[in-house]
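Okay, so here's the structure we're looking at.
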Amino acid sequence: MDIPRGNIIVMDRRRGKLRVGQGLIQGLKVVWDHWAGSFHKNENFSQIHGTFTVEYPDERLPLPQTYRNMPVLLYDDESGHELCTGCYQCQRICPPQVIHITQAKDPVTGKMVPAATEFIIEYDACMSCGFCAEVCPFDSIKMDHVYELSTADRVSLTMRKAQLNRPISYYASIAPDLWAEVQAGAMKKLQGSIKRRPDVIGLAAVLTEKIKARRLELAAAAAAAPAAAAPAPAAPAAPAAKLTPEEKAAKLAAMKATNANKGVAAPPAKAPVELSPADAKAAKLAAIKAANAAKQAGAAAPPAEVPAELPPTDAKAAKLAAIKAANAAKKAAEQGNSE
Amino acid sequence: MLKTEELQINIGPQHPSTHGVFRMLVTVDGETITDLKPVFGYLHRNHEQLAEMNTYQQNMPYTDRLDYFNAMANNHAYAIAVEKLVGIEVPERAEYIRVLMVELTRILNHAGALGFLINDMGAWQTQLAFGMREREKILDLFESASGARLMCNYFRFGGVARDLPADFMPRLKDLLLAMPGFVDEMERLLRENEILLQRSEGIGILPQELALAYSVTGPVLRGSGVAYDIRKAEPYSIYDRFDFDVPVGSVGDVYDRILVRIEEMRQSKRIIEQIIEQLPDAQGGYMNPKARQNVRPPVGDVYARVETPKGELGFYLVSDGSTKPYRYKVRAPSFINLTPLGDMCRGYKVADVVVILGSIDIVMGEVDR
Ligand code: SF4
Ligand code: SF4
């Protein structure tokens, strides 16, 4: 039989013709060489003797820039502007479907705003494939280099947006070349919508200047109208404000304010409606919110047990529970009113 | 002669020498094996059904998890299948990078597999540690190129995910400097070691006809003396551009399989040297810029196969014109190579079972899918 560009070699089963025992000694010599070599360090790839391990918790090998472990979200250092626009590309491509995004909505018009109010990645089920970072058109989601994530508590591996947010400078420090590539390629990705709304849409790498200018404008406008700042003291909005641009924070505050003004009955009733596109997590969140609202309304017991019933992965059940909670809350509110 | 009663024993599913969760139902007469039934399915992960629910693109990282020793080779087979189905061109440079990665995979697989085999024979960890060290160096290279050591997910339809980093080639050349020394050393340690000869010579013979009848592939088939290598028989990618030899055994026992694997590492090194020579002249980038990743292939089916370190890995895809495969079938070499285990073990001693199993070189992730 002939094969192209090569020969068939029939392996010779007795090449060295050593005498009995010599093969063993030859093998022992190899082991000896390795033992003797173990007193010096293996310097580079071309050596085959010497120790090649590091003492892990004390020493760590440098990671290559391309290394990928778990995805994180980037925001602009100075402005806190988050690059994510909630375009759902990453959620769609994620093979095990562990990304859950809630798109931000304009409270007045109800239209979609290019930002994500909530961004959940289930780290425990993420397969570190890197597809999300690859498809993100706004270079918002990137692969982190932190690999010591072990925990005994599975729930803590469901990461919320606040836990995922990292400044751009952090990513630029772990992968300088890759970030330089992003900056070089960012202009190419500029799309009409980004040009129109640089204040809200990502890609801050090339747009920081513009964003800064816009932010100054906004700040000036806010200062000019101190009355507008009045509803701001709503305390829970504060942590979110740290990471989002003022505009978003203001919107959030406005939303909260309107909700607060509507009185006790309104928010729980609204919860299931907001949920319609819901994934399980968002539904659960809403259920918890509803329960809390109900608690505030004065009726303590019935809704409080609802979140405990929730199987976290079952979207339908979660929705159902949310609706139940809302109803319970309504009832509670009615009772409260009648009293 | 004393009449003895036959006894059935289970080896596995939890057993350190079964390379995963794998059960062998062994019938022994004294020490001699009269029958052996391989029982698998303990690691079933619904891979194929899962793949039919995902898009073509989303399946790429799942192929890593088939034979987790050789993620790059699995990627290659799947990428070729989809490219054939859709009709995507792959630039020359990308082809070189692919073949380079796959040949590195072959070296690391054989280094590891031989280590595990010697481990099964009782040489606790010695050869395994030597093999693992070479494997680590290659994994370092994989990590710098693809971002991950084992689950590389490096191949894309129409190329690879990113170009080789700047420090890749110097490190690869360093590695190749060490490679002959490593393989020679391995050969010195194993080849004429009396203990190894005792445990492997004439053990687990798989005759040529039987190997062909079971459609065994890879080093196991070549160990039985059939010079069948898909890289030669049906050159895919750019394998027709390289000179390399196909080592075959003459008896078909465990020892022949060891020899074939050692020689295959040398041949892979030869291919890599040719790649290093030819890569700078290769046309095109690492990726076909026109290739879409979220493919929607025309209605039809395709079978594409490659020679992974373990044998013929094939993907059979049926497209109904949507973005998800209608049918996705994996022809896994470990699975098929495992089927003649009963015939290979019959008549040998029960202590030989783990050695024979080790010489097939299986990865349960691929056997059970
Ligand atoms: S790395 Fe892969 S699995 Fe993990 S979140 Fe991103 S796309 Fe999903
Ligand atoms: S992280 Fe990127 S891909 Fe994902 S929703 Fe945000 S902008 Fe889109």
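Chain A is the first sequence line, chain B the second, and so forth, proteins listed ahead of strands; every chain is numbered from 1.
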query: Quick check: does any side chain N or O of T66(A) sit under 3.5 Å from a backbone N or O of S146(B), one acting as donor and the other as acceptor?
result: no
- prompt: Under a 4.5 Å heavy-atom cut-off, does chain A meet the side chain of M186(B), its backbone, both or neither?
  reply: neither
query: So which bits of residues 67-74 of chain A come within less than 4.5 Å of chain B, counting non-hydrogen atoms only?
result: Y67(A), R68(A)
query: So what's closer than 4.5 Å to chain B heavy atoms on P95(A): side chain, backbone, both or neither?
result: both
D245(B) side chain to N7(A) backbone, donor-acceptor under 3.5 Å: yes
- prompt: By a 4.5 Å heavy-atom criterion (distance strictly below it), what part of R231(B) contacts chain A: side chain, backbone, both, or neither?
  reply: neither
message: Between Q65(A) and chain B, with a heavy-atom cut-off of 4.5 Å, which part of the residue counts as in contact: side chain, backbone, both or neither?
response: neither
field: Interchain contact, D240(B) with chain A, by part (heavy-atom threshold 4.5 Å)
entry: backbone
- request: Could you tell me whether the side chain of R65(B) reaches within less than 4.5 Å of the side chain of M127(A), counting heavy atoms only?
  value: yes
field: Nearest-0.5 Å distance, CD of residue E185(B) to CG of residue D33(A)
entry: 6.5 Å
message: So for N54(B), is it side chain, backbone, both, or neither that comes closer than 4.5 Å to the heavy atoms of chain A?
response: side chain
message: Restricting to ring pair (Phe, Tyr, Trp, His ring centres under 6.0 Å), what partner residues turn up for H47(B), sequence neighbours left out?
response: Y328(B)
task: State, with a plain yes or no, whether a side-chain heavy atom of F142(B) is found less than 4.5 Å away from one of P64(A).
output: no
field: Region of Q127(B) in contact with chain A, defined by heavy-atom distances below 4.5 Å
entry: neither
Side chain, backbone, both or neither of L63(A) within contact of chain B (heavy atoms, under 4.5 Å): side chain
- prompt: Could you state the interatomic distance from CD (Q57(B)) to SG (C129(A)), rounded to the nearest 0.5 Å?
  reply: 9.5 Å
message: Using heavy-atom distances under 4.5 Å, tell me whether R162(B) contacts chain A through its side chain, its backbone, both, or neither.
response: side chain
